[in-house]
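Structure first, commentary second.
This chain uses plain numbering: 1 for the first residue, then up along the sequence. We count ligands from 1, going down the list as the structure has it; atoms in each ligand are counted the same way.
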Amino acid sequence: MDNRPIGIFDSGLGGLTVVKECMDILPGENITYFGDVARIPYGTRSEETVRRYSLQCTRFLLSKGIKMLIIGCNTASARSLEIIRNTVDIPVIGVIRPGARAAVRATKNSKIGVIGTISTISSGAYEKEIKNISPEADVASAACSLFVPIVEEGWSDTEVARAAADKYLSPVKAHGVDTLILGCTHYPLLKKTVTGYMGEGVTLINPAYETVLEAKSLLGKSGMLAEGNGNPHYEYYTSDFSPKFVQICSEFLHSDIQFCEKVDIEKY
Ligand code: DGL
């Protein structure tokens, strides 16, 4: 039994998709979240910068006494999972491996699509994990840079989103994939639009969900699940408050944030 919080960080508020899954799958767990709103996006930055930022987020969450770290951000997971694992002595889970594993389980024709930020796609992290598990898998990837701002604008189910999906997803669709990894925190909010373009026959994988299942299994195996007194404590920290903060939070979380504090992340 371990009642310390699970720490989750993301480049912004998109990682709240992971928090939401945690609330549903691990309702007894306390959660401490950090969103690096001041420095989003990570997806267009260099590997070096993403690593530096990710280590700062990690140090901040460690200062809050977390028992496990979930890197909610796909870009940060792709670029800095190993370096973080080598730095800390608590379990660290990124979203890439759980997402890749679920896709390999789901595919019937071994053709898997991956969509994400430019950084995630150019890192090849999903493709590497997929091939590690299933060397014969045929992977088609696409960077969908406009998807993040479209979601943040609240335009997930609009003509703009559909036009972008058309443009970005056509090579992946032409490849004949039957499974598509939504390899970015924001993309689960575009499920309807993506399915509308790819067709109902294509299975969409949400790495956030898969990651929380992995966290649950790991906590269970190591006797680290929380007692769960029916009143979990959620704390949110952010490096900035954008004007659309409250709106974006409630879109991702389907509920309002009770406690949120601003942090000077450069100090960590
Ligand atoms: N959270 C990022 C990801 O999952 C998307 C936003 C960004 O580019 O920072 O890759």
Look at atom 8 (O) of ligand 1 and say which protein heavy atom is nearest, naming residue and atom and giving the distance to 0.1 Å.
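Result for atom 8 (O) of ligand 1: Gly43 N, 2.9 Å.
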Measure the distance from atom 5 (C) of ligand 1 to every protein heavy atom, then report the residue, atom name and distance (to 0.1 Å) of the closest one.
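Here the closest protein heavy atom is Cys184 SG, 3.5 Å.
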Any chance you could lay out the side-chain hydrogen bond (donor to acceptor under 3.5 Å, both in side chains) test for Tyr237 and Glu235, step after step, and finish with the verdict?
CA-CA 7 Å; Tyr237 297 88; Glu235 284 186 9; 2.6 Å; yes
Of the backbone atoms (N, CA, C, O) and the side-chain heavy atoms from C-beta on, which set of Thr185 has a member under 4.0 Å from an atom of ligand 1: side chain, backbone, both, or neither?
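It is both parts that get close, each with some atom under 4.0 Å.
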Report yes if the side chains of Ile6 and Leu26 come closer than 4.5 Å at any heavy-atom pair, otherwise no.
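In short, these two side chains touch, coming nearer than 4.5 Å.
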I'd like to know if Glu214 and Arg101 make a salt bridge, using a cut-off of under 4.0 Å between side-chain N and carboxylate O.
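Yes, this pair counts.
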Is a side-chain donor or acceptor of Ser77 paired with a backbone partner of Cys73 at a separation under 3.5 angstrom?
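Between the backbone of Cys73 and the side chain of Ser77 there is a qualifying donor-acceptor contact (under 3.5 Å).
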Close approach of Gly116 to ligand 1, heavy atoms, under 4.0 angstrom
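No, Gly116 has no heavy atoms under 4.0 Å from ligand 1.
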Give the minimum heavy-atom separation between Ala76 and Val50, together with the two atoms involved.
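Closest pair (atom of Ala76, atom of Val50, distance): CA-CG1, 3.9 Å.
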Describe, in one word, how the ring planes of Phe147 and Tyr187 are oriented to each other, choosing from parallel (under 30°), tilted (30 to 60°) and perpendicular (over 60°).
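Answer is perpendicular, since the angle exceeds 60°.
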Interfacing atoms of ligand 1 (cut-off 4.0 Å, heavy-atom, [X]):
X     : answer
Ser11 : 1 (N), 2 (C), 6 (C), 7 (C), 9 (O)
Asp10 : 1 (N)
Thr75 : 3 (C), 10 (O)

Only heavy atoms count here, so choose which of Ile71, Asn74, Ile121 is nearest to atom 3 (C) of ligand 1.
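Looking at heavy atoms only, Asn74 sits closest to atom 3 (C) of ligand 1.
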Aromatic centroids of Phe9 and Tyr33 separated by under 6.0 Å:
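Ring centroids of Tyr33 and Phe9 are no less than 6.0 Å from each other.
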Within-cut-off N or O pair, Gly183 and ligand 1, under 3.5 Å:
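No.
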Any N/O of Tyr42 closer than 3.5 Å to an N/O of ligand 1?
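For ligand 1, there is an N or O atom that lies under 3.5 Å from one belonging to Tyr42.
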